[in-house]
Amino acid sequence: MKKYFLMTTTLLVFVSTISITNAAAPTPGSVDDPVVTKSYLEQYVQNLGGSTGGGNNSGLTESKVREIIAQEVAKLPNNGGGGTTSPGTSADLKVVVLKSGQTLYADAGAELIVRTGKTIAVSSDDNGIPDVTAGKDLAAGTVITNNHLLIFPRDGRGVKPDLKETAEVYVMVRGGYVVQNADGTRVAQ
């Protein structure tokens with residue numbers, strides 16, 4: 001009797017698991033799982049001004065595809081970059097060397113990683129700098145751990161070498177920034 005009950009229970013659990021798994025899967029071709037067909041793709045390309053060929057040599061060329069993609073990317077906000085870049089800034093990481101007495105002020109949205117040297121967080125207001133690696137906010141005057149990713153949500157925040165630091169400090173920056181000397185003059189980049 002126990003053997004029969006155990007087999008029946010096992011079978012019910014197995015069937016229930018399969019039913020739940022199949023119920024969660026979307027139906028192919030539905031709104032949850034759309035299918036892109038060849039006819040849809042051909043119609044879309046023709047609407048963009050291209051030709052899909054149809055057996056002759058007037059088909060869609062690689063250069064035409066590149067041109068269409070470039071046109072579509074140009075229509076995206078911020079040129080598809082996902083962030084703002086002002087003249088003189090870049091989406092690439094730049095290595096910046098800070099000397100004693102200099103302060104790096106990051107633009108809003110900039111990312112920074114201190115690679116070498118001891119640095120301190122700087123902020124023009126009471127709000128801190130998010131340390132994404134540690135998952136905490138760094139208030140002004142807090143020592144920054146090397147190799148931690150910092151994201152600057154607003155202008156007026158940055159980093160500077162600790163007063164006891166005599167060696168050069170190397171940081172990597174993505175986005176806009178300004179380096180100032182202790183007297184407030186800008187350092188040419």
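- The minimum heavy-atom distance between Leu112 and Val114, with the atom names listed, is CD2-CG2, 3.8 Å.
- Formation of a donor-acceptor pair under 3.5 Å by the Asp183 side chain with backbone atoms of Thr185 is found in this model.
- Pairing each heavy atom of Pro153 with each of Ala108, the nearest pair is O-CB, 3.6 Å.
- Hydrophobic clustering (side-chain heavy atoms under 4.5 Å, transitive across Ile, Leu, Val, Met, Phe, Trp, Tyr) groups Val187 together with Val159.
- Residue Leu104 holds its CG atom at 9.5 Å from CD of Gln180, rounded to the nearest 0.5 Å.
- Side-chain contact annotation: Arg115 with Asn147, donor-acceptor N/O pair under 3.5 Å present.
- Heavy-atom neighbours of Asp126 CG from other residues, nucleotides or ligands within 6.0 Å: at or below the threshold of 12.
- For the residue pair Val169 and Pro161, the shortest heavy atom distance occurs at CG2-CB, 3.8 Å.
- Summarising the geometry of His148 relative to Thr133, their closest heavy-atom pair is CA-OG1, 3.5 Å, with the distance given to 0.1 Å.
- The backbone N or O of Lys118 sits less than 3.5 Å from a side-chain atom of Glu165, completing a donor-acceptor pair.
- Considering only heavy atoms from C-beta on, Phe152 comes within 4.5 Å of Ile129 through its side chain.
- To the nearest 0.5 Å, the span separating CG on Leu150 from CG on Asp137 amounts to 10.5 Å.
- Counting only heavy atoms from C-beta outward, the side chains of Leu98 and Lys160 never approach each other to under 4.5 Å.
- With hydrophobic clusters built from ILVMFWY side chains whose heavy atoms lie under 4.5 angstrom apart, Leu93 shares a cluster with Val97.
- Listed for the Ser123 side chain is no donor-acceptor partner under 3.5 Å among the backbone atoms of Arg157.
- Remark: Thr103 OG1 to Ile120 CD1 distance equals 10.0 Å, nearest 0.5 Å.
- Both Val95 and Ile113 are part of a single hydrophobic cluster, where members link through side-chain heavy atoms under 4.5 Å apart.
- Here the side chains of Val122 and Tyr105 are in contact, with some heavy-atom distance below 4.5 Å.
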